[in-house]
Amino acid sequence: MTTGSSRATGSTTSTPDISTFKGQEGALRAGRLGTAGLLLSVLAATAPLMVVAGVMPTTFAVVGAVGQPLLFLALGVVLALFSVGYAEMSRHVHNAGAFYAYITRGLGPTAGSAAALVALVAYSSFQVGIFGIFGFEVSSLAQEHLELHIAWWIPALAAVAVVAVCGLLKIDINARVLGVLLLIEVALVVIFDVAALGDPGKEGVSLHAFNPDTLSGVGIGTALCFCIAAFAGFEQAPVYAEETSRPHILVPRVMYLAVGGVAVFFALSSWALTVATGPAAIVGQSRKQSAGLLFALTEDRLGATFTDAVHVLFITGMFAAMLSFHNVVARYAFAMGREGLLPAAFGRTNSASGAPGAGSLLQTGIAAVVVIAFAVTDPGAAGDPTAPVLRLFTWGGNVGALGVILLMAAASLAVIVFFVRRGAARAQGPRLAASAVSGLALLAIAGYTVKDFDLLVGSGPDSALNWILPGLIALAALAGVAYSLVLRARNPEAHARIGLGNEAFQLEKRREA
């Protein structure tokens, strides 16, 4: 079930039993996710309301780019090109380690080990960062509607506990929860989009935001850094490959659907914001109202009740994103434990649910420690109630985005090397060309991300955060390289097994037979 190559031995469709060298506890449960379940699990991480209410106004305000819809479409093209090679790789490698498994197959175990730790840090940063804005929003709503004064970290820690419980459930149950929340979010955004077009601002239903001239004179690189975070999640489909019945078909299908759907959906929604305020006013209104822009526009057009519903779904959407990232980190930890990059306990699944329990508990522990650390150092008592948003959410989101961008760039190179080494360069020529173009584009975006990190986190040009936060990704990569070198010296067989997943154990079983 773990590879599409001719060396695969176990079947995932003919029997519910899982044939692996390490037995039932050493494998995720196959056949749990179909196309719909996989797509919803992946898209939940995009948190549509969080993007429309948070990312889009921030990009308009900081960058002044009225042509934000064009940026989403441009990123959609880049990520579609990336998906061409990435999806083809997914037909040959079925491993919950996803990025690090792909990078290992192309660039070797040492690069794969570095990628594994970068992935853990990046996706953990994404997930933990959302707890900050989640706690702030719940606290704000409690104060506004119930006149209760609750510190932001209380609902944040409560969310950590609920996510922990959900993370131990069967993945198909998680998919249903994520799917329901996602579909309601999408419906509310679509209703707003229709209302904005039906009741536009002073300039009417203007297509000005799609004019390339709107991007002249603005920091395109910085704007792309903001917008690419909105796509986080589509690349997670291979993480669930071992839990589908036909990964060679479902994983590529879901990636294409996710990239195309996200690009079009966010392009239309960002355009709707410009229509609602008027293209000439969108930057000024975003700077004035920030994350409150969407709620002000919905209240004007759809009333207070609808706006309250948007607030509530804004919160549940963040919960869905936290759960989605939690599941991804748990599966990365599972794959790493199975292959010796983490203690062997992480490479086992729960007998009842088939969930990677140790990996789930690891991420719960990380989230709890970080939230508590930010709560203890919270400057809110000094008059800054938005600290969890400006610090935890912003820092975590941008560290995560940088890590994922670099992983995608490395995966693009790994795809090229993988097929060239297999003698398939000519047959895969168009796909390799697409990987090369996307890899270069992603490296350029990563460069802008590091260069403009002060703008992304609002730290100021001379702040130490400008190198400390990106340095977390570099530190993770270096730690991965160092551990790989130690493992190669002490246990060459384990080192050679990195990235092979259950396929390695099937091969070992054959040698012992």
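We count residues from 1, following the sequence as given.
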Just by distance, do the side chain of [X] and the backbone of [Y] share a donor-acceptor pair under 3.5 Å?
X	Y	result
E185	L49	yes
R105	A101	no
T316	L313	yes
S139	G135	no
N398	T394	yes
E339	G499	yes

Query raised in the report: Can the ring centres of F192 and F306 be said to be less than 6.0 Å apart?
Result: no

**Report entry** For V121 against A476, the heavy-atom pair lying closest together
**Finding:** CG2-CB, 3.7 Å

Report task. Measure across T104 and Y100 and return the closest heavy-atom pair with its distance rounded to 0.1 Å. Result -> OG1-O, 2.6 Å

Side chain to side chain, [X] and [Y], heavy atoms closer than 4.5 Å:
X	Y	result
F231	F72	yes
L487	I498	yes
L294	P57	no
Q68	F266	no
V128	F393	no
S113	L341	yes
F453	T449	yes

Requested in this report: Identify, with sequence neighbours excluded, every residue that meets ring pair (Phe, Tyr, Trp, His ring centres under 6.0 Å) alongside F226.
Outcome: none

Report summary line: Hits for ring pair (Phe, Tyr, Trp, His ring centres under 6.0 Å) against Y102, two or more places apart or cross-chain, chain-then-number order -> Y86

Could you tell me which residues satisfy side chain to side chain contact (heavy atoms under 4.5 Å, CB included) with [X], sequence neighbours excluded, listed by chain and number?
X	result
V162	C166, F319
A410	I103
E144	L141
I372	L157, V376

Query - All pairs passing side chain to side chain donor-acceptor pair (under 3.5 Å) where residues 252-267 contributes a residue, at least two apart - result: T35-R253

Requested in this report: Give every residue pair that meets the side chain to side chain donor-acceptor pair (under 3.5 Å) criterion with at least one member in residues 355-373, sequence neighbours excluded.
Outcome: S124-Q363, Q127-Q363, H326-S360

Query raised in the report: Looking at L75, L79, V264, which hits side-chain contact (heavy atoms from CB on, under 4.5 Å) with V259?
Result: L79

With sequence neighbours left out, what residues match [X] under side-chain hydrogen bond (donor to acceptor under 3.5 Å, both in side chains)?
X	result
S83	none
S459	N466
T110	S484
Y123	E235

Requested in this report: Could you walk me through whether F346 and M336 pass side-chain contact (heavy atoms from CB on, under 4.5 Å), step by step?
Outcome: CA-CA 7 Å; F346 289 97; M336 292 170 67; over 6 Å; no

